Protein chains: 2
Amino acid sequence: MRKENSSNAINERQLRGDCGTAYTLQLIGGRWKPSILWRLLDGKLRYNELKKSISGISERVLVLQLRELENDNLVKRIVYPEVPPRVEYELTPLGWSMESMLQHISDWGVMHRKETMARQSGKKKTAVAMADKG
Amino acid sequence: MRKENSSNAINERQLRGDCGTAYTLQLIGGRWKPSILWRLLDGKLRYNELKKSISGISERVLVLQLRELENDNLVKRIVYPEVPPRVEYELTPLGWSMESMLQHISDWGVMHRKETMARQSGKKKTAVAMADKG
DNA sequence: CAGCATCCTTCCTGATACTG
DNA sequence: CAGTATCAGGAAGGATGCTG
């Protein structure tokens, strides 16, 4: 039940068409998506296992994000017609194709953090003054 | 003026510590960040050039995102003490280090979109039924 | 067990008007 | 030109209770 005319939605559409980056970020950019995906890179998981392994996530959000991932064909939802119910989540081939990308992103994040820490403890730049030296 | 005790803030902290992915996404995950970064990969830009090249962004948001990028040491802000004022934005070395990652992300996005389109026009899977065939 | 429905809070984003 | 201040709307996220 979104307002398709809100400027918010319009911008979203534009960006989606823009470059692939924005598009990708829409898919993995939810707050919990990365966590979910990392868990699933270790293998198939049941709903409850997933929930317990991601501390702090609410059921509502977990399900919502899983549904989105499913819609985007990154995750496969497997329902076993048993009692008690059992549902497993697994990466699709497309989901697996993200592995190296996620690794890349993670590595960069770790690197950036290290750099930033070194920076903050060491020095403070005055970028303003540098204009003259160009 | 955030509530540092809200469960929202707590979750944010956890995720930041979690894996590098969440960390990176915090840096480039703003809705407009990718657009800004792509523009700057083509070279230094003035505030107004940036604003005009990203259609739909408001001044407020542009400045906010630029400040964040600056804080995260991805973008350098260069003020020329002139009249009329001139300010240029440029990637830092750390900002440039994102180039291959952004390319990776973008490529994947384009690929995913292609896959998804092919999928939707061709077939519909019944993932539910597949449980039996495992 | 897995998940939906409901209600509520917080945060993000955008429009508009104004300033050095 | 390059912003800042203020205000409002909507979307994302969260808590809780209930169901097959």
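Keep in mind that the numbers below use all heavy atoms, side chains included, and drop hydrogens, waters and symmetry copies. Lettering of chains follows the sequences in order, A, B, ..., and the numbering in each one begins at 1. Keep in mind that this is a model prediction, so the values were computed, not measured.
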Checklist entry - Quick one: CD on A:Q65 to CG on A:L50, what's the gap to the nearest 0.5 Å? => result 11.0 Å

Item to check | Between P of D:dC1 and CG of B:L45, the distance in whole Å | outcome: 15 Å

Checklist entry - Taking CD from B:E68 and P from C:dC11, how many angstroms apart are they, rounded to a whole number? => result 14 Å

Checklist entry - Residues in side-chain contact (heavy atoms from CB on, under 4.5 Å) with B:K44, at least two apart? => result B:Y80, B:E88, B:E90

Next on the checklist: Once salt bridge (Lys or Arg N to Asp or Glu O under 4.0 Å) is applied, do any residues pair with A:E59, and if so which ones, sequence neighbours excluded?
Outcome noted: A:K51

Item to check | Residues forming a side-chain contact (heavy atoms from CB on, under 4.5 Å) with A:H112, sequence neighbours excluded | outcome: A:W108, A:T116, B:Y23, B:L27, B:D72, B:L74, B:L94

Next on the checklist: Could you report the tightest heavy-atom contact between A:W96 and A:L41, atom names first, then the distance?
Outcome noted: CH2-O, 3.3 Å

Checklist entry - Quick one: A:Q26 CD to D:dA12 C1', roughly how many Å, whole number? => result 13 Å

Checklist entry - Does B:W32 put a side-chain nitrogen or oxygen below 4.0 Å from OP1 or OP2 of C:dG14? => result yes

Next on the checklist: Students often get this wrong, so: under 4.0 angstrom with heavy atoms, is A:Q65 touching a base, only sugar-phosphate, or nothing?
Outcome noted: sugar-phosphate

Item to check | Distance, rounded to the nearest Å, where A:L64 contributes CG and D:dA11 contributes C1' | outcome: 12 Å

Checklist entry - Of all heavy-atom pairs between A:I105 and B:M101, which one has the smallest distance, and what is that distance? => result CA-SD, 3.7 Å

Item to check | Qualifying residues under side-chain contact (heavy atoms from CB on, under 4.5 Å), relative to A:L64, sequence neighbours excluded | outcome: A:R60

Protein-nucleotides 2-5 of chain D N/O pairs closer than 3.5 Å?
residue : atom : partner : partner atom : Å
D:dA2   : OP1  : B:R46   : NE           : 3.1
D:dA2   : OP1  : B:R46   : NH2          : 3.1
D:dA2   : OP1  : B:V87   : N            : 3.3
D:dA2   : OP2  : B:N48   : N            : 3.0
D:dG3   : OP1  : B:R67   : NH2          : 3.3
D:dG3   : OP1  : B:R77   : NE           : 3.3
D:dG3   : OP1  : B:R77   : NH2          : 2.6
D:dG3   : OP2  : B:Y89   : OH           : 2.7
D:dG3   : N7   : B:E59   : OE1          : 3.0
D:dG3   : O6   : B:E59   : OE1          : 3.3
D:dT4   : O4   : B:E59   : OE1          : 3.3

Checklist outcome for this item: The reported gap from CD1 in A:I78 to OH in A:Y89 (rounded to nearest 0.5 angstrom) is 10.5 Å

Item to check | Angle by which the axis turns from one end of the helix from C:dC1-D:dG20 to C:dG20-D:dC1 to the other, five pairs per end, to 10 degrees | outcome: 50°

Checklist entry - How about A:P34 and B:L25: do any of their side-chain heavy atoms sit closer than 4.5 Å? => result yes

Checklist entry - Whole Å only: how far is the CG atom of A:L62 from the P atom of D:dA12? => result 17 Å

Next on the checklist: I need the CZ-C1' distance between B:R31 and D:dG10, as an integer number of Å.
Outcome noted: 10 Å

